[in-house]
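Contents: one structure, followed by commentary.
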Amino acid sequence: MVASARVSGEQREFGSYRLLRRLGVGGMAETFEAVRRESGGFEQRVCLKRVLPAFSNDPSFVKRFQREARLAASLRHSNVVGVTDFGEVDGVSYIALELVDGVDLRSFLRIQPEHRLDASLVACIGLDLAYALEHAHERLVHRDVSPSNVLIGRSGEAKLADFGLAKPVGGARVTSSGNVPGKVPYMSPEQIRGETVDARSDLFSLGVVLFEAVAGRRPFDGAHDVVTMQRVVEGERLDLNDVAPGVPASLTQCIDRLLEVDREKRTPSATALVDSISAVEGSAQGQRRLASMVEAMRGGPSTRMHVRARQEDPDTELSPPGPLPSNEPAPEAVRAPALRRWSAAALVAALLLAGAVFVFRSTQTNTEGGAGIVEYRAPKEGASLVDQEAVEPSAEAEAEAEAEADPSSGESMRDDGGPDEVTPGAPGETEEKRPQADRGWVRVVVQPWGNVWIDGVWMGRAPVTARVPEGRHLVEVGRDLPAKKRVVRIAPGERRSIELSLGN
């Protein structure tokens, strides 16, 4: 859940940390992007997780929160989200975590065609998570391996996160209250039965994650949780060969063995999984492709964390999360010293430079401060998301946009009013082959503010006016990641406008 509330200046300081933006809030804790500042100019960006005020005085919850911090802090591995600090500030417990500049696997799958990845990318992710579990299982059982707890950074590296349900090796059993921890679709049979679990339980959960990533569907899903739990316990699941027939046999065999109901027949350890999944073709080469896809989804190089850090003003209000708008102002022109003696040539050159800056900024922004006019580039077959970024509008696109804004043109832009939960098919033609006459326009407005994705391609900060091919298109809006979606169907030459709200 992405929060958009601004925080006043006096609330920004939290011990040695300065809170920059709130990343999310859950039932018992909230997370922030924060900067830790120490003497000598030392600064470190972290994800700061702190207990919500309502639970700060609950001894049992605070104890569990602190146990999470100690367990997670005992791990040091490149495929595990690391703990950099934990403690209390004015009675509020917190954990400072490595800040991953990327996206969680749940959100990543959500924008893929049919919500699935090709086998080589899934094998690459599986290999990283196998290494993470190999390291973690020396000390603990995670008990909550799921797509939302897998983060993929812009480097393409997958990391295991959130050790809130972890238990030390030998102590992972059902809680005293009888509650079963974890997310039902990813639980192992022994976890559902409330038995003591070991490392093999995490491997079963990982098997569900990999099955979902390569097939676009979970293997045991039923009409509701009770049916799903029954199917898990009985081993009643989809056959990967039926739902994803193109998956290589080597990866299918890895996943099938992870999903064995009898844990004695299951993959015995993460080390064994590393050996088997390494044999899948492309498992070690997918990282660069993942990096390109995550980079494009996050908005390109200009939105990288270290770039944002240079551009942020430390004295501004705590801001909502999200990629930088595509129309960030160009660096301010150097001001001329007052009353300095200028030659005529220097004065003319300065005026020309100022005019060029004005024209450039005028073409990059619109009156509402959004991304302006962008031209959709249809994805090429087999291309990654990095090949699908928005491109500068052509002269023809500019002319069409001006005609669109002219009431005398006789064409109005209307709201689509279509369903919110329909996934469009992938475009069938490349941008080069599609005739220009087969295009239309879609204008996206977000209240109060937000970013726009069309067919999984980041288009910039709203309002956005994009020229798109005819057919169905998935329009998504959100802050840091897509949060709401709408499908529009565009006919040749048609112009439509939609407005979506993200709340305050």
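These values consider heavy atoms only, across backbone and side chains, with no hydrogens, waters or symmetry-generated copies.
With no hydrogens or angles considered, no side-chain donor-acceptor pair links T228 and D225 at under 3.5 Å.
Judged as a ring-ring contact (aromatic ring centres under 6.0 Å, His included), and not counting sequence neighbours, the contacts of F61 are F55. Scanning for salt bridge (Lys or Arg N to Asp or Glu O under 4.0 Å) contacts around E30 gives R22, R50, with sequence neighbours left out. Checked against side-chain contact (heavy atoms from CB on, under 4.5 Å), R218 has the following partners two or more places apart in sequence or in another chain: R106, P185, Y186, E212, D221. In this structure, F211 has no ring-ring contact (aromatic ring centres under 6.0 Å, His included) partners at least two apart in sequence or on a different chain. Scanning for ring-ring contact (aromatic ring centres under 6.0 Å, His included) contacts around Y17 gives Y94, with sequence neighbours left out. Annotation: side-chain contact (heavy atoms from CB on, under 4.5 Å) contacts of S155 (sequence neighbours excluded): E157, Q287.
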Evaluate the criterion side chain to side chain donor-acceptor pair (under 3.5 Å) for residue pair S146 and K183; output intermediate values, then yes/no. CA-CA 8 Å; S146 61; K183 301 178 181 71; 3.3 Å; yes
Applying side-chain contact (heavy atoms from CB on, under 4.5 Å), run through L121 and R289 and close with a yes or a no. CA-CA 8 Å; L121 298 182; R289 290 179 58 205; 3.8 Å; yes
Candidate pair R36 and S16, rule side chain to side chain donor-acceptor pair (under 3.5 Å), full reasoning: CA-CA 6 Å; R36 178 185 177 188; S16 60; 4.5 Å; no
Which is it for L52 and V25 under the side-chain contact (heavy atoms from CB on, under 4.5 Å) test, yes or no, and what are the steps along the way? CA-CA 9 Å; L52 289 170; V25 57; 4.1 Å; yes
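Side-chain atoms of F163 and L75, non-hydrogen and from C-beta on, do get closer than 4.5 Å to each other. A heavy-atom distance below 4.5 Å is found between the side chains of L238 and R217. Side chains of L290 and C124 form a contact here, defined as non-hydrogen atoms less than 4.5 Å apart. Residues L117 and F108 are in side-chain contact: their nearest non-hydrogen atoms beyond the backbone lie under 4.5 Å apart. You'll find the side chain of R231 stays beyond 4.5 Å of the side chain of R237, heavy atoms only. Side-chain contact between V452 and I454 is present, with heavy atoms from C-beta onward closer than 4.5 Å. Side-chain contact between R110 and K485: present, with at least one pair of heavy atoms (C-beta onward) separated by less than 4.5 Å. Annotation: side chain of N451 is not in contact with side chain of V477 (no heavy-atom distance under 4.5 Å).
In this structure a side-chain-to-backbone donor-acceptor pair under 3.5 Å is present from W453 to M297. A distance-only check finds no donor-acceptor pair linking the side chain of E470 to the backbone of A491 [under 3.5 Å]. Of the possible polar contacts, none joining the H473 side chain to the V488 backbone as a donor-acceptor pair under 3.5 Å is found. Between the side chain of R12 and the backbone N or O of R18, no donor-acceptor pair lies under 3.5 Å. Using modelled atom types, one side-chain atom of T84 and one backbone atom of A96 make a donor-acceptor pair closer than 3.5 Å. Here the side chain of K484 pairs a donor or acceptor atom with the backbone of S501 at under 3.5 angstrom. The backbone N or O of H142 lies less than 3.5 Å from a partner atom in the side chain of D202, making a donor-acceptor pair. Here the side chain of D104 pairs no donor or acceptor atom with the backbone of N149 at under 3.5 angstrom. For the pair N79 (side chain) and A158 (backbone), a donor-acceptor distance under 3.5 Å is present.
Rounding to the nearest 0.5 Å places CD1 of I125 at 4.0 Å from CD1 of I152. In this structure, CG on L474 lies 9.5 Å from CD1 on I111, to the nearest 0.5 angstrom. To the nearest 0.5 Å, the span separating CD on Q66 from CG on L71 amounts to 12.0 Å. Separation of atoms CZ (R496) and CZ (R489) is listed at 8.5 Å; rounding is to 0.5 Å. Atom-to-atom distance recorded for M28:CE and D58:CG is 7.5 Å, nearest 0.5 angstrom. Remark: L97 CG to K159 NZ distance equals 11.5 Å, nearest 0.5 Å.
A distance below 6.0 Å separates the ring centres of F204 and F220.
Of all the heavy atoms in L210 and V122, the pair that sits closest is O-CG1, 3.8 Å.
No salt bridge links E476 with R486; every basic N to acidic carboxylate O contact stays at or beyond 4.0 Å. Ion pairing between K49 and E68 holds under the 4.0 Å rule for side-chain N and carboxylate O. Between R45 and E43 there is no salt bridge, since no side-chain N of the basic residue sits under 4.0 Å from a carboxylate O of the acidic one.
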